[in-house]
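Everything below concerns the one structure shown next.
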Amino acid sequence: MASRFQEASLVTSPSYPNAVAWSSENLIAVAAGHLVIIINPALPTGPRGLITISDAELYQIGRVRSQDLLTGGLLPSSLKRERSPCVRSLSWSEIGMSPNHGCLLAVCTAEGRVKLYRPPYSDFCAEWIEIVDISKMLYENLSSMNFGESKNPSTSLSKDQVVEHDHEEDERISSLKARKRRKTSANNINLHEKNYTDRASCSKQDSKAEHNVLEIEVYKQASNGQDRRSLPKALKKCSQEISPQTYVSREALLSSHSVAWSSLLRFSSESSCGNMLRFSLLAIGSKSGSVSIWKVHAPECYHIERSNVSPMVELTAIVQTHSSWVSTMSWGIFGCDSSNPQVVLVTGSCDGSVKIWMSNKEDLQNSVEVYKSSFFLLKEVVAVNPVQVSTLSFVVSNHYNAMHLAIGKGSGSFEVWKCEISTRKFEQIVSTNAHNQVDNYVRSWILCENAISEVPIPANTPGLSSTTDLPDDFLSCLGVALSPGNLAVALVRNFNVELLNPMYQARSQKAAVEFLWNGAQQSGESEDSTETVTEAILGFSKNEFANWESNILWSLKEFNYLNKPLVLWDMVAAMLAFKQSMPEFVELVLTKWLSVSYLGFHDDISMEDLVPKITKRFSDVPSRLLHILNVISRRVMLSELKTEEINRKLQGQRTNDEGEIDLWLKLLQESERELRERLVGLSFSAYLLAESSQGTISPPSWNWRPAGLALLQQWVEINRDIVHSQLETLSLEVKSSRTRSSNSTETALEEEKCPYCAAPVNFHSAEEAFCESSHQKKKKSKDKERCDESHKLERCCVSMQVCPPTPLWFCKCCNRMTLELAPETLFALPSFPSDLKSLPKSSFSKVASKPFCLFCGVLLQRKQPEFLLSASPV
């Protein structure tokens with residue numbers, strides 16, 4: 001059995017499968033009963049986030065006669081029992097959808113309600129913030145369109161769209177306690193869609209009431225000052241009598257069952273003054289078999305202080321995909337035309353069918369009418385059959401011109417389908433019975449060409465295994481999630497409460513999240529492995545070491561793609577674990593990565609000989625490679641030092657007898673200086689381009705304006721012996737241009753003042769500064785006392801300006817503060833530009849600057865207290 005390397009216990013247990021999701025910013029969400037628990041895998045027993053599912057509001061959908069309550073499709077609704085709120089499905093958006101550039105979380109409850117949540121990055125609380133109630137917006141849209149029916153609602157939908165209610169009961173966990181039956185009355189029964197039911201429940205009503213009405217207050221999504229098409233309000237009182245079939249159809253339309261986010265779509269808009277339109281698609285599957293597709297726009301700019309801004313959300317389409325409940329969905333994007341790729345949605349249903357739907361991104365942009373959807377059926381992969389579809393995984397590989405679709409079924413079997421993108425020909429390549437319906441096993445499989453085989457999950461764990469007293473009496477596994485770097489797996493398991501100690505365990509340990517290493521598994525590609533290990537060591541076989549090496553190198557290679565966020569937590573944690581027991585293995589793997597990435601070939605030499613060679617190549621490599629190197633240097637090879645100590649040593653406060661540490665410090669220092677020089681060059685180039693284009697380029701087309709130009713010039717002057725020659729030339733041109741256009745007022749404003757005592761601050765370092773207070777002038781001969789009396793100030797790592805005492809962007813890797821964000825062009829540079837002045841104007845066009853660290857490339861965030869949850873990209 002595989003050994004977990006860490007775990008996190010849960011106070012409530014999941015009730016539905018697929019109960020765990022791992023975000024691209026390295027947070028784990030677990031659907032645990034009436035709670036959603038958010039965990040940082042770097043600190044599984046540390047602070048947590050929380051979403052509490054509250055009672056849902058009532059919906060007004062029509063009136064039915066009391067004598068019809070026990071007939072037709074209303075009978076299951078009338079006999080439905082009450083239960084407490086519960087989370088059924090959840091899905092993370094891609095990074096960049098939250099106001100702080102993080103992820104949004106979509107939560108679907110068992111009552112059929114869907115809401116969007118964001119992290120409380122500026123609210124200083126554990127409870128996540130609800131920002132949009134999608135279900136209310138859906139109700140208002142459907143009400144304004146009369147639920148897509150004709151004028152006579154009693155004949156709007158056919159009977160074959162009235163779905164059975166037994167699917168939900170099959171999904172419920174058998175260990176849940178039976179709930180108390182409610183008495184019903186045949187006369188004067190009032191239907192309500194309670195917050196804790198999927199269907200209408202029965203209750204007594206005053207005998208004077210002849211009909212039964214569902215009521216709800218009209219909801220209108222706040223626009224936050226943005227232009228948005230307003231929807232006509234629904235009637236406060238629904239006096240329209242409808243048939244039982246129509247009632248069930250409307251109820252099914254409003255009862256959501258599954259949610260899924262697409263990746264972030266980007267394209268230019270002619271009507272937005274050069275802006276890039278960016279949005280994600282949120283698919284919500286309902287019990288009616290339809291899927292509502294919502295366009296959720298990404299923020300135009302990111303911030304860490306304003307927290308009351310909600311995203312703009314639009315209903316794009318409602319597609320009738322199946323005749324039964326939509327149980328699972330998955331998105332994909334492919335296409336030969338990169339400017340207009342095709343968006344693919346795969347849907348699975350409780351009736352066993354699986355379908356693939358397609359739409360062009362251009363069609364999505366122009367889509368106006370909800371029921372005139374731009375999505376069309378590409379292929380019905382699996383026809384209707386008795387076995388329901390429980391999960392889908394859809395992978396598009398444009399490089400190999402292929403799509404792969406894995407279909408998991410409630411019977412324990414799964415299928416794998418392959419499609420060639422050019423021919424769009426589908427074929428089933430795998431069908432196997434992986435599980436029976438009652439086993440509690442987690443199995444791993446590998447797909448090679450058109451054959452699949454099971455590979456064991458390695459039992460050995462690098463470093464120390466978990467030593468907590470968490471019990472192993474598990475009852476069921478209700479979800480699996482893969483880490484961003486593909487090196488770790490999170491499992492959610494329910495405990496068998498009957499086998500736990502009723503005093504100490506059963507009360508507080510209902511379930512657990514287990515973390516297993518995935519790096520020792522056999523990879524699909526058989527690369528030539530270096531002779532890093534010649535014999536089994538510490539319980540690892542030679543094959544396991546070779547697999548670890550191959551998987552780590554593959555993961556590092558994947559991070560070269562700019563669209564993949566730089567989240568290296570699992571890789572750093574694995575290397576640190578190996579470093580404790582076998583440091584030579586880590587050094588050999590990094591030596592191979594450095595030589596291949598920076599030199600272009602594997603040079604089997606020592607690290608002492610390799611460092612001088614790769615430092616000479618820093619100007620020729622992409623910025624992303626420098627960022628990865630900086631993270632590994634700080635978090636792995638220099639892990640013995642605190643971050644503040646590393647920063648001090650980088651400023652020259654170090655000795656020459658530190659051996660390997662000094663070697664990696666020099667490598668880190670050279671890499672960070674190369675990145676700073678690229679930033680300074682872009683700043684000078686953007687300023688000169690703006691000055692030369694005055695009157696020809698409209699101001700809205702410019703977004704990134706460099707700040708602190710005078711400080712950047714001083715930095716170039718101080719380091720003129722080691723910086724690129726281009727920077728000296730550009731610095732002189734900027735100085736000349738500023739002299740011609742400046743006046744005495746502007747010059748006075750450039751003088752920095754201490755934010756605490758208003759004393760002048762001189763520039764001596766790009767990292768920190770000391771103000772010249774009045775106490776200093778009296779003690780000029782005592783250097784130590786002078787520093788103690790003055791205020792020590794941090795400088796922005798981008799503009800080099802003194803940081804004000806306000807919330808700023810913070811890097812969890814290098815602990816630096818950022819006042820101004822670096823331009824997005826910096827992170828995409830393939831090398832140091834040979835001619836900075838010839839950069840195209842599009843390099844500084846109006847795009848939302850992403851809050852990434854200049855030196856580490858990881859996501860910046862607001863610095864949080866230790867007792868509050870925050871993401872750990874490293």
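These values consider heavy atoms only, across backbone and side chains, with no hydrogens, waters or symmetry-generated copies.
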>> Quick one about Asn630 and Glu672 (side-chain donor to acceptor, distance below 3.5 Å, no hydrogens or angles considered), yes or no?
In response: no
>> Looking at every non-hydrogen atom in both residues, tell me the closest pair between Asp570 and Ser483 and how far apart they are.
In response: OD2-OG, 2.6 Å
>> Which heavy atom of Val589 sits nearest to which heavy atom of Leu553, and what is that distance?
In response: O-CD2, 3.9 Å
>> Run the salt bridge (Lys or Arg N to Asp or Glu O under 4.0 Å) test against Lys613 and tell me which residues pass, sequence neighbours left out.
In response: Asp603
> When you measure from the side chain of Asn647 to the backbone N and O of Cys814, does any donor-acceptor pair fall under 3.5 Å?
Replying inline: yes
> For Ala871, does its backbone N or O pair with a side-chain atom of Glu25 as donor and acceptor, under 3.5 Å?
Replying inline: no
> Does the side chain of Val296 reach to within under 4.5 Å of the side chain of Met97, using non-hydrogen atoms?
Replying inline: yes
> From Met800 CE over to Leu709 CG, what is the distance, rounded to the nearest 0.5 angstrom?
Replying inline: 11.0 Å
>> As an exercise, state the distance from CZ of Arg795 to CZ of Arg816, rounded to the nearest 0.5 Å.
In response: 14.0 Å
> Does the pair Trp809 and Val798 meet the rule for a side-chain contact (heavy atoms from CB on, under 4.5 Å), with working shown?
Replying inline: CA-CA 11 Å; Trp809 294 103; Val798 173; over 6 Å; no
> Do Ser24 and Val567 pass the side-chain contact (heavy atoms from CB on, under 4.5 Å) test, and can you show the C-alpha distance, the side-chain angles, and the key distance before you say yes or no?
Replying inline: CA-CA 7 Å; Ser24 56; Val567 178; 5.9 Å; no
> Does Lys564 NZ have over 12 foreign heavy atoms under 6.0 Å away?
Replying inline: yes
>> Show the nearest heavy-atom pair for residues Gly49 and Leu869, with the distance to one decimal.
In response: N-CD2, 3.4 Å
> Considering residues at least two apart in sequence or located in another chain, which fulfil the ring pair (Phe, Tyr, Trp, His ring centres under 6.0 Å) criterion with Phe684?
Replying inline: none
> How many angstroms lie between atom CG of Leu594 and atom CG of Leu667, to the nearest 0.5 angstrom?
Replying inline: 7.0 Å
>> To the nearest 0.5 Å, what is the distance between NZ on Lys812 and OG1 on Thr643?
In response: 11.0 Å
> For the side chain of Ser633 and the backbone of Leu629, is there at least one donor-acceptor N/O pair under 3.5 Å apart?
Replying inline: yes
>> Is any side-chain heavy atom of Leu650 closer than 4.5 Å to one of Leu665?
In response: yes
> Donor-acceptor pair, His627 side chain versus Leu854 backbone, under 3.5 Å?
Replying inline: yes
> For Glu670, which residues count as a salt bridge (Lys or Arg N to Asp or Glu O under 4.0 Å) partner, sequence neighbours excluded?
Replying inline: Arg673
> Roughly how far, to the nearest 0.5 Å, is OG1 of Thr591 from CE of Met607?
Replying inline: 3.5 Å
> Any side-chain heavy-atom pair from Leu610 and Leu599 closer than 4.5 angstrom?
Replying inline: yes
>> I need the minimum non-hydrogen distance between Tyr121 and Ser98, along with the two atoms involved.
In response: CE2-OG, 4.4 Å
>> Could you go through Leu679 and Leu712, starting from their C-alpha distance and side-chain angles, then the distance that decides it, and tell me whether this counts as side-chain contact (heavy atoms from CB on, under 4.5 Å)?
In response: CA-CA 10 Å; Leu679 172 68; Leu712 301 183; 5.8 Å; no
>> I'd like to check the ring pair (Phe, Tyr, Trp, His ring centres under 6.0 Å) partners of Trp715; sequence neighbours left out, ordered by chain and number.
In response: none
> Arg624 side chain to Pro830 main-chain N or O, any donor-acceptor pair under 3.5 Å?
Replying inline: no
>> Just to verify, what does Glu640 make a salt bridge (Lys or Arg N to Asp or Glu O under 4.0 Å) with, not counting sequence neighbours?
In response: Lys579
> Where is the tightest heavy-atom contact between Pro823 and Leu682, given as atom of each residue plus distance?
Replying inline: CG-CD1, 4.2 Å
>> Do Asn26 and Pro484 make a side-chain contact, defined as non-hydrogen atoms from C-beta onward lying under 4.5 Å apart?
In response: yes
> Looking at residues at least two apart in the chain, or sitting in another chain, which of them share a side-chain hydrogen bond (donor to acceptor under 3.5 Å, both in side chains) with Glu558?
Replying inline: none
>> The test is side-chain contact (heavy atoms from CB on, under 4.5 Å); show your working for Cys853 and Cys813 and say whether it passes.
In response: CA-CA 9 Å; Cys853 177; Cys813 181; over 6 Å; no
> Given side chains that start at C-beta, do those of Val621 and Ser597 come closer than 4.5 Å, heavy atoms only?
Replying inline: no
>> Can a donor-acceptor pair be found, under 3.5 Å and without considering hydrogens, that links the side chain of Ser23 to the backbone of Trp92?
In response: no
>> Does anything in residues 676-689 form a salt bridge (charged side-chain N to carboxylate O under 4.0 Å, His left out)? List the pairs, not counting sequence neighbours.
In response: Glu674-Arg678, Arg676-Glu767
> What pairs of residues pass the salt bridge (charged side-chain N to carboxylate O under 4.0 Å, His left out) test when at least one of them lies in residues 864-874, not counting sequence neighbours?
Replying inline: none
>> My understanding is that only residues two or more places apart in sequence, or in another chain, count here; which of them pass ring pair (Phe, Tyr, Trp, His ring centres under 6.0 Å) with Phe559?
In response: none
> Is the Tyr598 ring parallel, tilted or perpendicular to the Trp593 ring (thresholds 30°, 60°)?
Replying inline: perpendicular
> Are Leu819 and Pro804 side-chain neighbours, meaning at least one heavy-atom pair lies under 4.5 Å?
Replying inline: yes
> Do Gln864 and Pro47 come within less than 4.5 Å of each other through their side chains, counting heavy atoms only?
Replying inline: no
>> Holding to ring pair (Phe, Tyr, Trp, His ring centres under 6.0 Å), I want the full list of residues that pass it with His297, two or more places apart in sequence or in another chain.
In response: Phe279
>> Looking at Glu691 and Ser737, would you say the former's side chain and the latter's main chain have a donor-acceptor pair under 3.5 Å?
In response: no
> How many angstroms lie between atom CG of Leu730 and atom CG of Leu836, to the nearest 0.5 angstrom?
Replying inline: 5.5 Å
> If you measure from the Lys or Arg side-chain nitrogens to the Asp or Glu carboxylate oxygens, is any gap between Arg648 and Glu645 under 4.0 Å?
Replying inline: no
> Tell me, which pairs form a side-chain hydrogen bond (donor to acceptor under 3.5 Å, both in side chains) where one or both residues lie in residues 753-762, sequence neighbours left out?
Replying inline: Asn762-Glu772
>> Between Gln801 (side chain only) and Cys796 (backbone N and O only), is there a donor and an acceptor less than 3.5 Å apart?
In response: no
>> Keeping Thr615 on the side-chain end and Pro612 on the backbone end, is there a donor-acceptor pair under 3.5 Å?
In response: yes
>> I'd like to check the side-chain hydrogen bond (donor to acceptor under 3.5 Å, both in side chains) partners of Asn40; sequence neighbours left out, ordered by chain and number.
In response: Ser872
>> For the backbone of Gly485 and the side chain of Ser555, can you confirm whether one donor and one acceptor N or O come within less than 3.5 Å of each other?
In response: yes
> Of the non-hydrogen atoms in Pro851 and Tyr302, which two are nearest, and what is the gap between them?
Replying inline: CD-CD1, 4.0 Å
> With side chains defined as the heavy atoms from C-beta onward, is the minimum distance between Ile131 and Pro311 less than 4.5 Å?
Replying inline: yes
>> For the aromatic rings, using the six-membered ring if either is Trp, is the centroid distance between His764 and Phe770 under 6.0 Å?
In response: no
